Amino acid sequence: MPRNELPIPLHYDPDKVGQVWKVPYQRRAEEAKKWAEQNRVHPASNDRFKICLLLVDVQNTFCIPQLSCS
């Protein structure tokens, strides 16, 4: 299975690792779509080999009153 290295998305900020901040979900989704098109990343549903990772309630911004629940 060949592996290609992809560029890190522009929103990644190594100085923010370990911090909690409000995520602009709509903007991030639009950027993700453009990034996938630019880097020729196809939907996983098109893959022959499939694997699943199930994460439950990992949105830690729900714990911060000024963020997602406000």
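Since the model is a prediction, treat every value here as computed from it, not as a measurement. Residue numbers start at 1 and run along the sequence shown.
Between R27 and E30, none of the side-chain N atoms (NZ, or NE/NH1/NH2) sits under 4.0 Å from a carboxylate O, so this pair counts as no salt bridge.
Q38 meets the side-chain hydrogen bond (donor to acceptor under 3.5 Å, both in side chains) test with no other residue; sequence neighbours excluded.
N39 contributes no side-chain N or O that, together with a main-chain N or O of V41, makes up a donor-acceptor pair within less than 3.5 Å.
To the nearest 0.5 Å, atoms CH2 (W35) and CG (L6) are separated by 4.0 Å.
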Exercise for the section: Given salt bridge (Lys or Arg N to Asp or Glu O under 4.0 Å), test R28 with E31 step by step and report yes or no. Expected result: CA-CA 5 Å; R28 193 69 73 240; E31 293 169 351; 2.7 Å; yes
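V17 is connected to I8 through a chain of hydrophobic side-chain contacts under 4.5 Å among Ile, Leu, Val, Met, Phe, Trp and Tyr, so both are in one cluster.
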